[in-house]
Structure formats: C-alpha cells, structure tokens
Amino acid sequence: MQVADTGIGIAKDKQHLIFREFTQAKKTTEKKFGGHGLGLTISKKLAELLKGKLTLESKLGAGSTFTLQLPLEITDAVEKPGKEMPYMAPKLRMLIIDDDTALLHMLRELAESMGITAHTFTNFLSIEKDSHLAYDIVLTDIQMPQVTGFEVLKKLQSGIYKHYSDQPIVAMTGRRDLGPEAYIGVGFSQVLQKPFTKGELIATLKLLGIATQKQEPQEEKVKIPEQEPKLYNLDIIHSFLGRNEDAIQDVLGTFLSDTETNMKLLEETVTAKDYQQVNHVAHRMLPMFRQLKVENCVTILERMELGTPENLDQDILASSFVVLKHSVKELVAELEERLAINPDYNG
C-alpha cells in the first residue's frame with residue numbers, strides 16, 4: 001500500500017531522521033505545520049511488529065511517497081465469533097523507582113488496576129544485585145537524592161545486576177530544561193514527562209512494543225458526591241485510578257503525609273539558606289502538586305527548584321516560602337475535608 005502527497009518533500013540527507021522519536025526533518029517544520037515527530041515512529045514500529053516495513057521515497061519540493069508492506073495472505077475464510085483476544089500481553093511486570101511516595105503509590109494502584117505486577121522502590125540502592133526480581137520494563141525518576149535516574153541506567157546496564165537483561169528503561173522526569181533527546185541519547189528507551197496520564201503511559205508502552213492486559217469491566221463503586229474543589233483538580237488522578245474512591249483516598253492521604261514532612265524540611269532549608277537542599281525538596285514536591293494542578297503552589301515550587309543566590313535572593317526566598325506555606329495550609333484543609341468523607345481515613 002502506498003500513500004503519496006505533493007507537500008514540501010524531504011531532502012535525501014534528512015530522510016533517515018524522520019522515523020526517529022521526537023524528530024522532524026527541519027526544526028521549523030513543527031512551528032509551521034504542527035506535529036511532534038511521533039506519528040511516523042509509531043507507524044514504523046507497528047509495521048515492524050506485524051513483520052512488515054514502512055519505507056519512504058521523497059524529493060525536496062515535489063512531495064513524498066510512503067510504502068507499507070505487510071506479509072498478509074488473502075483468504076475467503078470467515079472468522080468464527082469467539083472471545084475477544086486481549087490487545088496486550090498478560091502478566092506484565094514493572095519495576096518502578098521514585099522517591100515521591102505519593103506518586104509511587106498512585107502508580108502502584110494504577111498497575112494493579114491494569115493487571116500489572118509492580119515492584120516499587122523509593123531508593124535504587126535497596127535493590128540487591130543478585131536478587132531474583134523479575135520485570136519486563138523499568139520506570140525510573142531522574143532526580144533522586146541517593147541515586148539519580150542516569151545512575152540507575154548506568155548501573156543496570158553495567159551487567160552486575162543479575163535480574164537485568166536489557167529490558168527497556170523509561171525516564172520519568174519533571175525537568176523542563178532538557179528535551180527527550182538528552183535521555184534517549186544516553187540509553188533510555190523513552191521519556192515520560194511528569195505529570196503524565198494513564199493514556200500517556202499506555203502509549204509509551206505500546207511504542208516500546210509492550211502491552212498490558214485488557215481489563216474486564218468492573219462493577220462501578222458507589223460515587224461519593226462532592227463539591228467541585230477550588231484549590232486542586234483530580235482529572236489526572238482520575239485518569240490513573242478512574243473512580244476508585246478507596247485508591248484515591250489512599251493516594252491523597254499519602255500526599256498529605258508527604259507534604260507535611262516536606263514542608264517542615266523546606267522551612268528548615270529556607271531558614272538555613274541552603275539553596276541546594278531547597279532545590280531538592282522543591283523538586284521532590286513538584287510532581288504531585290502538578291498532578292493535582294495546584295497552580296499557585298507549582299509556580300512557587302518551580303522557582304525554588306531552580307533558585308540560586310543570584311536569581312532568588314534570600315528575602316524573596318523567605319517571602320516565597322511564607323506565601324507557599326499559606327497556600328499549602330488552605331490546600332491541606334480542603335483535602336482533609338474531602339478525606340473525612342471516608343470513615344477509614346485517620347489523617
């Protein structure tokens with residue numbers, strides 16, 4: 001099958017680039033015509049998964065022709081109706097490393113809801129080199145205090161961890177100063193930009209040729225009526241957990257506990273004018289505040305994450321913390337009111 005256009009065409013020396021993730025032939029193409037450089041990558045990978053191939057013939061200024069070849073046979077046989085086959089492989093196993101316990105909790109809940117076995121760790125150093133840990137894919141945060149995501153990649157690929165046998169490693173990052181190529185270029189298979197949704201996680205797995213078990217419809221739990229929250233938004237949380245109220249309550253409870261600890265630590269580091277620790281604590285807090293879309297807090301935490309004595313003087317740092325503390329206090333009050341609906345909550 002062939003698809004041809006009469007568009008701008010692609011120069012011969014640029015044609016090898018267009019099947020790469022997040023890449024286009026020219027940097028100006030996205031701005032002028034749109035797109036993110038993923039469509040052809042996904043199409044090519046799907047073709048290869050079907051034992052076929054996708055090729056290109058193009059001339060600059062004259063258009064392009066894409067040819068899809070698949071090893072299919074024409075048959076007159078009629079498919080008999082039967083049980084729907086899962087669109088993904090069952091019993092997927094996932095290793096997840098992140099020092100944000102609330103996010104880790106949410107990812108674990110998501111994995112369980114999708115029939116995935118999730119091995120979760122807040123510190124890579126707690127994983128033994130000769131353990132019998134079994135997994136099909138690794139998700140790792142990038143900025144962690146003991147071992148960074150880049151170090152996780154290097155250690156796993158060093159060959160000294162018996163449980164690692166070239167499984168794909170996906171970077172999870174909240175950083176905005178590095179593009180996907182900075183991670184893929186050093187060996188990561190893909191990148192998930194925090195905050196990400198359940199759909200984005202599934203799309204990434206599919207891009208890697210990995211799939212999860214299709215879930216049977218579950219009996220919907222009774223929805224607890226609630227007023228529209230003013231200070232936060234659960235859209236992303238719902239994309240992960242659906243309307244599973246128990247799971248949502250657990251995640252929010254963990255978030256409140258972590259926030260109390262982090263705010264105390266942040267106050268100490270701001271008082272001590274320890275910018276490096278301020279950066280670290282703010283970075284650790286940001287993912288869940290972004291997941292909950294607490295925009296006023298996110299703005300302050302982003303400044304603290306990148307703050308230095310040169311771009312954020314001590315007076316502004318201290319006053320920013322005061323504003324943050326007030327906003328967090330209001331957020332906590334609203335979340336605690338929501339959690340109080342659940343009689344099992346002991347916050």
Side-chain angles (χ1 to χ4, degrees), residues 98-107 110 122 139 141-145 149 171-180 183 191-201 228-241 248 251-270 274-308 311-339:
D98 199 310
D99 63 327
D100 184 338
T101 55
L103 181 60
L104 206 60
H105 190 163
M106 187 167 65
L107 289 172
L110 170 66
T122 56
L139 270 62
D141 185 29
I142 290 298
Q143 283 187 254
M144 297 179 286
M172 300 185 295
T173 179
R175 294 183 62 171
R176 301 292 194 265
D177 57 331
L178 295 177
Y183 303 97
V191 184
L192 277 168
Q193 185 74 51
K194 295 179 180 178
F196 54 87
T197 64
K198 176 181 178 179
E200 289 170 327
L201 174 59
E228 189 69 23
K230 297 177 182 178
L231 303 178
Y232 64 96
N233 186 299
L234 292 177
D235 287 350
I236 297 178
I237 305 295
H238 285 152
S239 83
F240 276 91
L241 306 177
I248 293 171
V251 168
L252 294 179
T254 303
F255 169 73
L256 283 178
S257 177
D258 287 352
T259 298
E260 181 182 5
T261 301
N262 288 329
M263 285 299 291
K264 289 179 180 178
L265 183 57
L266 190 58
E267 185 167 23
E268 292 173 4
T269 58
V270 168
D274 185 343
Y275 278 82
Q276 186 174 1
Q277 282 301 311
V278 168
N279 298 158
H280 168 67
V281 178
H283 175 79
R284 187 167 63 198
M285 294 175 69
L286 267 169
M288 278 306 298
F289 276 84
R290 284 178 176 143
Q291 296 279 5
L292 290 168
K293 299 183 180 180
V294 190
E295 301 300 341
N296 56 340
C297 293
V298 167
T299 301
I300 297 173
L301 288 169
E302 285 178 340
R303 291 184 66 190
M304 289 184 169
E305 180 188 27
L306 303 175
T308 65
N311 64 24
L312 186 64
D313 67 42
Q314 295 172 5
D315 291 338
I316 296 178
L317 175 62
S319 61
S320 295
F321 177 77
V322 171
V323 175
L324 176 67
K325 188 174 183 179
H326 176 73
S327 297
V328 169
K329 184 177 180 179
E330 290 184 332
L331 172 67
V332 167
E334 192 166 305
L335 283 171
E336 285 183 338
E337 182 179 353
R338 185 190 193 283
L339 289 170

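Numbers here are sequence positions counted from 1. Heavy atoms only: backbone and side chains are in, while hydrogens, waters and symmetry mates are out.
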- Query: Can any side-chain N or O of N233 pair as donor or acceptor with the backbone N or O of L292 at less than 3.5 Å?
  - Reply: no
- Search all heavy atoms of P180 against all heavy atoms of V191 and return the closest pair with its distance. O-CG2, 3.9 Å
- On a heavy-atom basis, the closest approach of V270 and A318 is CG1-CA, 4.1 Å
- Given N279 and L306, is the side chain to side chain contact (heavy atoms under 4.5 Å, CB included) satisfied, shown in steps? CA-CA 6 Å; N279 298 158; L306 303 175; 5.9 Å; no
- Minimal heavy-atom distance between D258 and A102, with the atoms involved, is OD2-N, 3.2 Å
- E334 versus L231, closest heavy-atom pair with distance: OE2-N, 3.2 Å
- Query: Can you tell me how far CD1 of I300 sits from CG of L317, rounded to the nearest 0.5 angstrom?
  - Reply: 11.0 Å
- Message: Testing the basics here: between Y275 and D313, what is the closest heavy-atom pair and its distance to 0.1 Å?
- Response: OH-C, 3.4 Å
- Query: Rounded to the nearest 0.5 Å, how far does CE of M304 lie from CZ of F321?
  - Reply: 7.0 Å
- Query: Do NZ/NE/NH1/NH2 and the carboxylate oxygens of D141 and K194 come within less than 4.0 Å?
  - Reply: yes
- Query: Closest approach of I236 and Q291, non-hydrogen atoms and distance?
  - Reply: CG2-OE1, 2.6 Å
- Query: Looking at CG of L107 and CG of L201, how far apart are the two atoms once the value is rounded to the nearest 0.5 Å?
  - Reply: 7.5 Å
- Between CD1 on residue I248 and CE on residue M106, distance to nearest 0.5 Å: 10.5 Å
- Considering only heavy atoms from C-beta outward, does the side chain of I237 approach that of M288 to under 4.5 Å? yes
- So does K264 pair up with E260, basic N to acidic O under 4.0 Å? yes
- Item | Side-chain donor/acceptor of S257 to backbone N/O of G253, under 3.5 Å | no
- salt bridge (Lys or Arg N to Asp or Glu O under 4.0 Å): pairs with one or both residues in residues 317-331, sequence neighbours excluded: E267-K325
- Query: Hey, what do you get for CG (L139) to CE (M172), rounding to the nearest 0.5 Å?
  - Reply: 5.0 Å
- When you measure from the side chain of Q193 to the backbone N and O of R175, does any donor-acceptor pair fall under 3.5 Å? yes
- Message: Could you tell me if the side chain of V251 sits less than 4.5 Å from the side chain of F240, heavy atoms only?
- Response: no
- First locate atom CG of L234, then atom CG of L241, and finally report the distance between them rounded to the nearest 0.5 Å. 9.5 Å
- Task: Decide if the gap between the ring center of F289 and the ring center of Y232 is smaller than 6.0 angstrom.
- Result: no
